[in-house]
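For reference, positions follow the sequence shown, starting with 1. Just so we're clear, the structure is a prediction, and the values are computed from it rather than from any experiment.
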Amino acid sequence: MHAVVVKDSNVPSQAGSDLLGAPRRVFSISLDYKPEWDALRGLELGVSYYYASAAEATLPTVYGFTLAPQQMLGASLGYRFDEHWKLDVNASNLTDRPNFTSSGALYRGEPRSVSATLSFKY
């Protein structure tokens, strides 16, 4: 995707420039694995990677800067105890990389986070 401003009523000089805060390239990949061995039956493992290329952080008519590419690594671990109970643990931004986003102002992205979910299916 290459988002470009076609028309802007507030800042006409922005026409033809990249959309503020929108990277040109974004991709994400996730791999999940469920072992079939009896000793590990019920276990689920996962890993994910997210990348977004550099993006303009300020309007082209203003002296500004470009945001660095964003990268995040995630992991998941799940275990199904039986047909009713399941435990999931998920972690995102494992490297705690300081990713930034912008919509005219600078915002720090999500820090490292870990969550756990215990679910019951009836």
Item to check | Contacts of type ring pair (Phe, Tyr, Trp, His ring centres under 6.0 Å), residue F120, not counting sequence neighbours | outcome: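 For F120, the residues satisfying ring pair (Phe, Tyr, Trp, His ring centres under 6.0 Å) (neighbours in sequence not counted) are H84, W85.
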Show the nearest heavy-atom pair for residues [X] and [Y], with the distance to one decimal.
{"X": "A75", "Y": "L94", "result": "CB-CD1, 3.8 Å"}
{"X": "T95", "Y": "R112", "result": "C-NH2, 4.0 Å"}
{"X": "R97", "Y": "P69", "result": "NH2-O, 3.8 Å"}
{"X": "A52", "Y": "P23", "result": "CB-CG, 3.9 Å"}
{"X": "A54", "Y": "T66", "result": "CB-CG2, 3.7 Å"}

Item to check | E110 CD: over 12 foreign heavy atoms closer than 6.0 Å | outcome: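 No, because the 6.0 Å sphere around CD of E110 holds 12 heavy atoms or fewer from other groups.
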Side-chain heavy atoms of [X] within contact of [Y], under 4.5 Å:
{"X": "Y33", "Y": "L43", "answer": "no"}
{"X": "E44", "Y": "S76", "answer": "no"}
{"X": "L73", "Y": "V47", "answer": "yes"}

Quick one: [atom1] on [X] to [atom2] on [Y], what's the gap to the nearest 0.5 Å?
{"X": "S28", "Y": "Y51", "atom1": "OG", "atom2": "OH", "answer": "13.5 Å"}
{"X": "S48", "Y": "I29", "atom1": "OG", "atom2": "CD1", "answer": "10.0 Å"}
{"X": "K34", "Y": "L40", "atom1": "NZ", "atom2": "CG", "answer": "14.5 Å"}
{"X": "L77", "Y": "L87", "atom1": "CG", "atom2": "CG", "answer": "7.5 Å"}

field: In one Ile/Leu/Val/Met/Phe/Trp/Tyr side-chain cluster, 4.5 Å: M72, V26
entry: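 Both belong to a single hydrophobic cluster.
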Query raised in the report: Do F81 and W37 belong to the same hydrophobic cluster, where Ile, Leu, Val, Met, Phe, Trp and Tyr are linked whenever their side-chain heavy atoms lie under 4.5 Å apart, directly or via other members?
Result: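 F81 and W37: one cluster.
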- Item | NZ/NE/NH1/NH2 to OD/OE distance under 4.0 Å, K86 and D88 |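 A salt bridge is present here (some side-chain N lies under 4.0 Å from a carboxylate O).
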